[in-house]
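Nothing here was measured: the structure is a model prediction, and the numbers come from that model. Every chain is numbered from 1, with letters handed out A, B, ... down the list of sequences.
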Amino acid sequence: MGLRRRGKCGWEENKIRSALEMAVAPIILIGENNFIPCAKFPSMRILFIHSDYIEYEAKERAIKNAEEIEEKRERVEECLVSFISVEEGDSNIIGRVVGEIEDVAEKLNVKTIVLYPYAHLSNKLASPDEAMKVLKELEKELRENYEVHRAPFGWYKSFVISCKGHPLSELSKEIRGEKEEESEALKAEKRTTYWYIMTPDGEFKSVDEFDYKDYPNLKKFVDYEISGTRAVKQIPPHVELMQKLELADYEPGSDSGNMRYYPKGKLIKSLIEDYVESRVLDFGAMEVETPIMYDFNHPSLKSYLNRFPARQYQVLSGKDKYFLRFAACFGQFLLMHDATVSYRQLPIRVYELAKYAFRREQKGELVGLRRLRAFTMPDMHTFAADMEQAKADFKRQYEMAIQVLKDFGLNLGDYEVAIRFTRKFYEENKEFIRSLVELVNRPVLIQMWDERFFYFVLKFEFNFVDAMNKAAALSTVQIDVENAERYGITYYDEKGDKKYPYILHCSPSGAVERVMYAMLEKASMDSKKGIKPMFPVWLSPVQVRIIPVKDEFKEYGDKIMTSLEDEKIRVDLDDRDMTVSRKIREAEREWIPYIVVVGEREVKEGNITVRIRGGDVKTMLVEDLAKIIKEKTKDKPFRKLPLPKYLSMRPKFR
RNA sequence: GCCACCGUAGCUCAGCCGGUGGAGCGCCACCUUGGUAAGGUGGAGGUCGCGGGUUCGAUUCCCGCCGGUGGCUCCA
């Protein structure tokens with residue numbers, strides 16, 4: 001759990017995971033829940049294997065009073081094999097054990113259960129008599145709902161088992177008479193991870209004691225983050241919206257998680273990209289472009305990638321094997337490895353819009369625009385001479401991220417802030433952390449680690465909490481203290497010595513698709529609250545729709561259209577053979593912010609009647625409307641309408 | 001990756017127990033020329049996700065695959 005969503009590039013995660021896996025390897029059959037001897041309560045240890053088949057044969061008696069048996073050999077297909085160690089006092093908890101076994105069997109959808117006495121899971125076994133009694137009792141109770149086979153007790157047995165190998169195929173459980181205690185792994189995690197809420201005045205509150213009354217979203221975020229609580233069963237609202245608004249859609253001809261974007265969706269996506277790019281260039285980044293695929297055998301990349309090939313898309317080019325990038329880190333680090341940099345030039349920043357970054361996420365995890373296998377990641381790396389410089393830039397980037405999300409219509413409260421750091425970093429930078437919380441002036445989720453698990457010592461994310469109470473990270477910045485060395489990225493200091501810089505990983509917006517997801521989810525929540533859903537005007541694909549009352553006013557409409565277009569406003573005109581109210585209804589359904597109806601009155605008076613989304617119907621001059629829109633789209637990128645201006649000429653994509 | 005549910009016209013969906021399919025919207029044609037959220041009439045659209053099996057006969061039952069969604073697992 002503590003390894004969730006921690007780093008942007010995953011170097012350290014991978015390293016840790018592999019270390020964990022190696023450490024666990026000799027006892028891998030035992031799985032995650034290590035068995036902890038517990039003197040106080042009776043407990044039963046069970047190792048479950050979801051098997052294609054198991055074959056066992058009784059060889060010779062292991063104890064004097066071994067069970068009398070008729071058949072020495074048995075083979076069972078498609079079953080849940082339960083290796084069981086019966087401990088002292090277990091006859092009292094048979095009911096719970098039956099429940100647990102049935103629970104697992106139901107999850108795996110198996111109808112056959114094999115009970116296999118297995119002494120080696122425990123060091124305080126029950127007496128053979130008691131164990132026999134317990135096993136027979138278990139068998140009897142399970143028989144009510146399942147086909148049950150029981151391997152003979154008290155014999156040395158040979159066995160062959162085929163494990164299905166999916167994540168749930170190996171489970172271990174310790175069932176206790178009293179309340180469940182946490183596993184050793186969880187305890188270890190708890191020992192080193194601390195969660196708090198930090199209030200704007202710099203106070204640490206326990207996550208359990210903090211009063212969430214005014215911060216319901218923070219509560220949802222904390223629940224999601226710490227306990228992984230999921231709530232409702234429902235199709236995420238943004239999926240329906242992205243289709244209905246003709247923004248994006250699934251592409252059956254590609255791999256899952258690779259979307260198609262219709263003209264309007266492509267426009268919004270491009271505008272978001274243009275916007276983020278101009279922000280980071282203003283911030284002082286140099287835009288670069290690096291390859292999307294990398295050599296598995298490159299020395300800097302090889303070591304960890306070989307351990308996790310399944311996570312990457314792989315590309316065969318003749319005999320050579322490449323992987324598709326999952327962030328822009330590699331390309332930029334390899335580029336900076338070859339650069340010659342003086343301390344006088346720091347901090348320097350490189351930026352790339354990683355289109356796409358590829359991650360072969362697990363299938364069950366792909367949802368609409370929230371999590372994809374191919375996504376667009378604005379990725380900036382800052383190389384800083386020392387921690388002071390790194391912190392200064394971190395703070396500026398934090399402020400930039402707030403502004404960026406604001407311009408997408410996402411304000412503090414729409415998303416929750418998480419700040420994560422090591423204890424050491426905190427001890428040395430208490431005031432700095434506090435200043436970050438002060439900046440947002442609201443409670444923030446804090447995660448602190450005793451040791452540095454990851455490549456960074458400090459990171460923040462802004463997490464959007466959606467209609468289904470799931471949290472998704474948007475903006476993030478991390479201070480990376482070890483990849484410079486790993487990649488051999490250096491600068492020359494005052495004395496001419498080579499030094500490793502600190503590296504800041506920054507995505508001011510998060511993945512572009514995810515920004516779209518957040519905007520759509522927010523719109524959906526708005527509409528539930530009775531607020532008309534809409535995009536910020538600068539992102540609205542059509543900003544003004546002109547509806548002539550009759551064909552004869554189309555010419556006037558064209559004139560209005562041209563003068564608005566000259567002002568760099570996206571306008572179209574509904575020239576279809578429909579009633580006015582019908583056309584208005586459709587324009588409303590497209591979330592168009594300004595609907596202009598023109599007819600006899602307007603032609604005569606030389607003005608327009610504007611229906612403002614979420615507001616009134618007002619009569620004004622074209623210039624007035626242009627001014628309103630220019631004000632709302634000030635300093636934002638502009639792109640032309642990528643569709644025919646006349647609605648009659650426009651195809652339906654869905 | 002696992003489990004469950006779903007996949008029928010461009011879209012949203014109906015179709016009980018097996019006998020080659022329906023509605024609304026959209027599209028096309030005609031009528032209607034309309035003033036702020038659905039004007040009328042008619043018409044054309046389907047290899048019922050794909051591949052096997054059972055059957056005289058499968059959209060319907062069974063198996064496999066693909067895709068979507070939910071949950072689990074996972075999440076750089």
Side-chain angles (χ1 to χ4, degrees), chain A residues 1 3-17 32 50 104-110 164-171 228 230-236 239-240 243-244 246 249-257 304-305 308 310-312 325-330 357-368 370-371 375 377 379 454-456 468 470 472-473 476 478 505 507 511 532 545 547-554 576-590 595-602 609-612 616-618 651-654:
Chain A
M1 186 171 58
L3 297 177
R4 257 171 54 200
R5 215 172 41 239
R6 285 298 106 85
K8 201 151 61 74
C9 304
W11 294 89
E12 196 58 22
E13 278 84 336
N14 288 337
K15 214 169 122 187
I16 286 164
R17 285 181 48 184
E32 283 181 3
H50 188 194
V104 174
E106 195 186 340
K107 249 186 209 158
L108 299 171
N109 201 23
V110 290
K164 288 190 182 285
H166 59 77
L168 289 178
S169 65
E170 298 170 43
L171 292 171
R230 312 287 154 87
V232 236
K233 251 194 178 183
Q234 181 198 340
I235 293 176
V239 173
E240 205 176 308
Q243 295 173 325
K244 210 172 74 186
E246 291 194 342
D249 219 329
Y250 298 111
E251 175 50 72
S254 182
D255 188 22
S256 355
Y304 80 98
L305 270 175
F308 296 95
R311 280 303 206 165
Q312 275 72 50
R325 66 175 170 197
F326 43 82
C329 305
F330 324 112
F358 295 92
R359 296 180 191 179
R360 229 182 142 280
E361 302 287 7
Q362 293 188 91
K363 244 177 157 176
E365 202 48 40
L366 301 167
V367 187
R370 182 175 188 265
R371 172 170 253 112
F375 59 96
M377 188 70 163
D379 210 347
F454 310 107
Y455 58 80
F456 51 84
M468 302 176 75
K470 293 197 176 193
T476 181
Q478 302 148 12
H505 302 239
S507 188
K532 284 203 173 177
R545 159 104 9 117
I547 301 178
V549 173
K550 281 197 227 178
D551 278 352
E552 57 183 287
F553 306 117
K554 180 168 170 261
R576 294 172 301 173
D577 179 21
M578 278 196 276
T579 60
V580 172
S581 49
R582 184 71 183 280
K583 289 180 185 179
I584 287 168
R585 179 169 171 263
E586 298 215 351
E588 290 280 352
R589 273 223 291 232
E590 284 181 55
I595 301 169
V596 171
V597 177
V598 292
E600 204 176 344
R601 288 201 304 262
E602 288 78 10
T609 305
V610 184
R611 184 180 163 118
I612 301 165
D616 305 327
V617 177
K618 281 185 187 158
K652 279 203 155 44
F653 289 99
R654 254 189 89 83

**Q.** Minimum-distance nucleotide (side-chain atoms of Asp551(A) versus U33(B), U36(B), C72(B))
**A.** U33(B)
Q. Which one, A38(B), G34(B), G68(B), comes nearest to the side chain of Asp577(A)?
A. G34(B)
For nucleotides [N] and [M], find the distance between their [atom1] atoms and express it as a whole number of Å.
N      : M      : atom1 : value
G57(B) : G19(B) : C1'   : 7 Å
G52(B) : C5(B)  : P     : 25 Å
C75(B) : C6(B)  : C1'   : 26 Å
U47(B) : C56(B) : P     : 28 Å
G49(B) : G21(B) : P     : 15 Å
C28(B) : G10(B) : P     : 15 Å
C61(B) : U55(B) : C1'   : 10 Å
U73(B) : G53(B) : P     : 40 Å

Q.
So, under a plain 3.5 Å distance rule, would you say the side chain of Arg359(A) forms a donor-acceptor pair with the base of C75(B)?
A.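 No such pair is found, so the answer is no.
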Q: Would you kindly check whether a donor in the side chain of Glu602(A) faces an acceptor in the base of G35(B), or vice versa, at under 3.5 angstrom?
A: yes
Assign [X] to base, sugar-phosphate, or nothing according to its heavy-atom contacts below 4.0 angstrom with the strands shown.
X         : value
Lys532(A) : base
Lys550(A) : base
Leu366(A) : sugar-phosphate
Gln243(A) : nothing
Val580(A) : sugar-phosphate
Thr609(A) : base

Strictly below 4.0 Å: does [X] bring a side-chain N or O up to OP1 or OP2 of [N]?
X         : N      : value
Ser581(A) : A37(B) : no
Arg654(A) : U12(B) : yes
Lys470(A) : G71(B) : yes
Arg611(A) : G35(B) : no

Q: Under the side-chain contact (heavy atoms from CB on, under 4.5 Å) rule, what do Thr609(A) and Val598(A) come out as? Steps first, then yes or no, please.
A: CA-CA 7 Å; Thr609(A) 305; Val598(A) 292; over 6 Å; no
Q. Quick one: on RNA chain B, does Val597(A) or Glu586(A) contact a more 5' nucleotide (nearest heavy atom)?
A. Glu586(A)
(Q) On RNA chain B, does the nearest nucleotide to Arg576(A) precede the nearest nucleotide to Val617(A) from the 5' side, or the other way round? Give the residue. (A) Arg576(A)
Between atom [atom1] in [X] and atom [atom2] in [N], what is the gap in whole Å?
X         : N      : atom1 : atom2 : value
Phe553(A) : U36(B) : CZ    : C1'   : 16 Å
Glu361(A) : G68(B) : CD    : P     : 14 Å
Ile595(A) : U36(B) : CD1   : P     : 13 Å
Glu590(A) : A37(B) : CD    : C1'   : 13 Å
Gln362(A) : G68(B) : CD    : P     : 15 Å
Ile547(A) : A37(B) : CD1   : C1'   : 11 Å
Arg371(A) : G70(B) : CZ    : P     : 13 Å
Glu365(A) : C75(B) : CD    : P     : 10 Å

Base paired to [N] (Watson-Crick or G-U; both N/O distances under 3.5 angstrom):
N      : value
U47(B) : none
U33(B) : none
G18(B) : none
A23(B) : U12(B)
C61(B) : G53(B)

**Q.** Interatomic spacing from CD1 in Ile595(A) to CD in Glu590(A) - rounded to 0.5 Å
**A.** 9.0 Å
**Q.** Lys244(A) atom NZ: more than 12 heavy-atom contacts under 6.0 Å
**A.** no
Q: Could you tell me whether a side-chain N or O of Glu246(A) sits under 3.5 Å from a main-chain N or O of Arg654(A), the two making a donor and an acceptor?
A: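 Between the backbone of Arg654(A) and the side chain of Glu246(A) there is a qualifying donor-acceptor contact (under 3.5 Å).
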**Q.** Arg576(A) and Glu586(A) ion-paired at < 4.0 Å
**A.** yes
Q: Quick one: classify the glycosidic conformation of G45(B) as syn or anti, with syn meaning within 90° of 0.
A: syn
Q.
Are Val549(A) and Glu600(A) packed together at the side-chain level, in the sense that at least one heavy-atom pair is separated by less than 4.5 angstrom?
A. no
(Q) Would you say that Gln312(A) contacts Phe326(A) through its side chain, given a criterion of any heavy-atom pair below 4.5 Å between the two side chains? (A) yes
Q: Under the side-chain contact (heavy atoms from CB on, under 4.5 Å) rule, what do Lys618(A) and Arg611(A) come out as? Steps first, then yes or no, please.
A: CA-CA 6 Å; Lys618(A) 281 185 187 158; Arg611(A) 184 180 163 118; over 6 Å; no
